[in-house]
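Below you'll find the structure, written out as structure tokens, and then a few comments.
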Number of protein chains: 2
Amino acid sequence: MSEKIIKVAIVEDDSDIRKLLSLIIDGSPGFECRQTYSNCEDAIENIPKDPPDVVLMDIDLPKLSGIEGIRILKEQLAKTDFLMLTIKEDDESVFQSLCAGATGYLVKDIPPANLLLSIKDVVNGGSPMSAAIARKVTMSFHKNTNSPLSERETEVLKRLCDGENYKTIADAIFVSGNTVRAHIKNIYKKLHVKSRAEAVAKAINNNLL
Amino acid sequence: MSEKIIKVAIVEDDSDIRKLLSLIIDGSPGFECRQTYSNCEDAIENIPKDPPDVVLMDIDLPKLSGIEGIRILKEQLAKTDFLMLTIKEDDESVFQSLCAGATGYLVKDIPPANLLLSIKDVVNGGSPMSAAIARKVTMSFHKNTNSPLSERETEVLKRLCDGENYKTIADAIFVSGNTVRAHIKNIYKKLHVKSRAEAVAKAINNNLL
DNA sequence: AATACAATAACGCATACGGGGTATTTTTAT
DNA sequence: ATAAAAATACCCCGTATGCGTTATTGTATT
């Protein structure tokens, strides 16, 4: 099946790790690593000249971060998959990376055999993630069970997200417009916001609906 | 490490599959399957009496769907992990499942050995997903590269999401309030919405920011 | 029995907002 | 070179919205 050699590029500032990774990849049948970079600037300049199948990207890099690097490179290289390979496991790093265009996220303690499997996985349409990372991602979908809002308020908030106004909501849930306004005021108090737009943003971003 | 036996429950309407799964699990050292159900109603009534570590949940079930089942069960059983095990791979099924509380999503053609690995993975804090499912999930984070909005409009929309008003936005980006209003009108036209709340909801749900 | 919250409902007031235009300048694309 | 799109800016108008305040009823919780 995988008769085509997978071309991998590496962006990693630690020269020991960089060389080790390139040796692992280049020494494995079916893989080749012709491009390695110690910083994002070089990668951004040279990777588009000969797009690899997969880029292994560190986050902590001298000037531009790996996340910024992906943001810039992914725009030009739609067909290239970017895999984060980093020691950082905080939510910010993980979700910023995915939003920037990463298709996988591996932590650096990954065994060489698994790294190669992950690279194969991503070219075959998967999204390899270390266990704890994958868990973070699925958790981000779970409905917030600690919502401060009552059922009725949640119902109203849902309708605000659809752009409904007082009157429309009132008619839909069979109460007066004044009642809807009262609910909305309570929603604002509980969410510490002062406008529909803010309430909607907070509701969506905190999985309150 | 895993000296404790992993208790698994199965909710699956096809009796052949149900029996096969329970045999695989019960026949593997370190796993036991004492509870199997052919529908959600029975599962909802009985699973809370003796919470397992992991529930393998089908989606297409006679009355209540597996997604609804998780929604109800997960509220009571915070410590139990729910793994979807289904033939369905459409976006709706995947994301509704995750939102309802699933911690993993496996397609039914998974080899028995991998199923056991996935169950171990989820109890060890991971989130096992079949390759195509994981890809769907990471893709859902990627910024929409086909945004109809200009840079300036995107900037304004971001600020609308923070609850800023005309004046505040105008001051922040050093233009007149009238200009901000003009931008917002264009945003409404392009997104086919007629209020801030709607624009914010659409922007967030479509990864325009 | 008492407290608290949720859901219901109303009124006044100032203004931010959405819809309708029009116009100039700059940037980008063809 | 020229057209299209983006960014800037202003006007009017009516109303939906946010804020303050008050009140009744029912349902939990203690």
Side-chain angles (χ1 to χ4, degrees), chain A residues 48 72 75-76 78 143-206 208-209, chain B residues 72 75-76 143-206 208-209:
Chain A
I72 292 163
E75 263 187 274
Q76 312 165 247
K143 187 174 185 303
N144 187 340
T145 49
N146 276 18
S147 169
L149 305 179
S150 70
E151 263 186 55
R152 205 56 155 169
E153 285 158 359
T154 305
E155 165 75 16
V156 170
L157 186 50
K158 265 185 198 151
R159 292 176 180 278
L160 285 183
C161 289
D162 295 334
E164 296 187 33
N165 60 12
Y166 287 112
K167 179 103 193 66
T168 314
I169 297 176
D171 290 351
I173 67 175
F174 308 110
V175 296
S176 83
N178 283 314
T179 301
V180 174
R181 302 187 64 166
H183 285 313
I184 293 179
K185 276 185 239 183
N186 284 327
I187 292 171
Y188 289 177
K189 273 207 191 76
K190 289 180 176 177
L191 297 187
H192 309 294
V193 299
K194 45 191 190 311
S195 75
R196 287 160 133 65
E198 242 183 312
V200 169
K202 201 150 201 167
I204 298 178
N205 290 325
N206 292 61
L208 298 178
L209 305 184
Chain B
I72 292 163
E75 262 187 274
Q76 311 164 246
K143 187 174 184 305
N144 187 340
T145 48
N146 277 19
S147 170
L149 304 178
S150 70
E151 262 187 57
R152 207 52 156 170
E153 287 159 356
T154 305
E155 165 76 15
V156 170
L157 186 50
K158 265 186 198 149
R159 291 176 181 276
L160 285 184
C161 288
D162 295 334
E164 295 187 35
N165 59 14
Y166 289 112
K167 179 106 193 67
T168 314
I169 297 176
D171 291 349
I173 67 176
F174 308 109
V175 296
S176 83
N178 283 315
T179 301
V180 174
R181 303 189 60 163
H183 285 312
I184 292 179
K185 278 185 231 182
N186 285 328
I187 293 171
Y188 289 176
K189 274 207 191 74
K190 289 180 177 178
L191 298 188
H192 309 294
V193 299
K194 49 192 186 313
S195 75
R196 287 161 132 67
E198 244 183 311
V200 169
K202 199 150 202 166
I204 298 179
N205 290 325
N206 293 59
L208 298 178
L209 306 183

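Just so it is clear: chains get the letters A, B, ... in the order the sequence lines come, proteins before strands, and each one is counted from 1. Note that the structure is a prediction, hence the values are computed from the model and not measured.
- Note: A:Arg181 CZ to A:Asn186 CG = 13.0 Å, rounded to the nearest 0.5 Å.
- For A:Asn165 and D:dG14, the CG to C1' distance is 14 Å, given to the nearest whole Å.
- A:Tyr166 carries A:Arg196 over the face of its six-membered ring, with the cationic atom under 6.0 Å from the centre and within 45° of the normal.
- Here the straight-line distance linking atom CG of A:Asp162 with atom CD1 of A:Ile169 works out to 9.0 Å at 0.5 Å rounding.
- Contact annotation: B:Ser176 reaches the phosphate of D:dC10 (side-chain N/O to OP1 or OP2, under 4.0 Å).
- Here the closest heavy-atom approach between residue A:Gly163 and residue B:Ser195 is recorded as CA-OG, 4.0 Å.
- For the pair A:Glu198 CD and D:dT17 P, the computed distance is 16 Å after rounding to whole Å.
- Considering CG of A:Leu208 and OG1 of A:Thr145, their distance stands at 10.5 Å, rounded to 0.5 Å.
- A sub-4.0 Å separation between OP1 or OP2 of D:dT17 and a side-chain N or O of A:Tyr166 is absent.
- Taking CG from B:Leu157 and CZ from B:Arg152, the interatomic distance works out to 14.0 Å, rounded to the nearest 0.5 Å.
- Between the C1' atom of D:dA7 and the NZ atom of B:Lys185 lies a distance of 14 Å, rounded to the nearest Å.
- A sub-4.0 Å separation between OP1 or OP2 of D:dA7 and a side-chain N or O of B:Ser150 is present.
- Regarding B:Asn186, its CG atom lies at a distance of 13 Å from the P atom of C:dG20, rounded to whole Å.
- The base of D:dT17 does not come close enough to the side chain of A:Lys194 for any donor and acceptor atom to sit less than 3.5 Å apart.
- Backbone-only engagement by B:Lys190 is indicated by non-hydrogen atom pairs under 4.0 Å involving sugar-phosphate atoms exclusively.
- Here the options are B:Ile173, B:Asn165, B:Thr168, B:Thr154, the test is side chain to side chain contact (heavy atoms under 4.5 Å, CB included), and the partner is B:Arg159; only B:Ile173 passes.
- Rounded to an integer number of Å, the gap from B:Leu160 CG to C:dC17 C1' is 11 Å.
- Within the structure, a side-chain polar atom (N or O) of A:Tyr188 is placed less than 4.0 Å from OP1 or OP2 of D:dG18.
- Residues B:Ser195 and B:Glu153 both approach DNA chain D. Their nearest nucleotides, taken by heavy-atom distance, put B:Glu153 toward the 5′ side.
- Under a 3.5 Å cut-off, the side chain of B:Lys202 and the backbone N or O of B:Leu191 do form a donor-acceptor pair.
- Distance B:Arg196 CZ to C:dA16 P: 11 Å, rounded to the nearest Å.
- Overall bending of the helix from C:dT3-D:dA28 to C:dA29-D:dT2, expressed as the angle between end axes built from five pairs apiece, is 80° (10° steps).
- Between A:His183 and C:dA6, a side-chain N or O to OP1/OP2 separation shorter than 4.0 Å is absent.
- For C:dG18, its base sits under 3.5 Å from the side chain of B:Arg181 at one donor and acceptor pair at least.
- Residue-level contact check: A:Lys167 touches neither bases nor backbone, having no heavy atom under 4.0 Å from any strand.
- Regarding B:Ile184, its CD1 atom lies at a distance of 11 Å from the C1' atom of C:dA16, rounded to whole Å.
- The shortest distance between the side-chain N/O atoms of A:Asn178 and the OP1/OP2 oxygens of C:dA10 is below 4.0 Å.
- Remark: A:Thr179 is not in phosphate contact with C:dT8, judged by side-chain N or O atoms under 4.0 Å from OP1 or OP2.
- Atom CD1 in B:Ile173 sits roughly 13 Å away from atom C1' in D:dA9 (whole-Å rounding).
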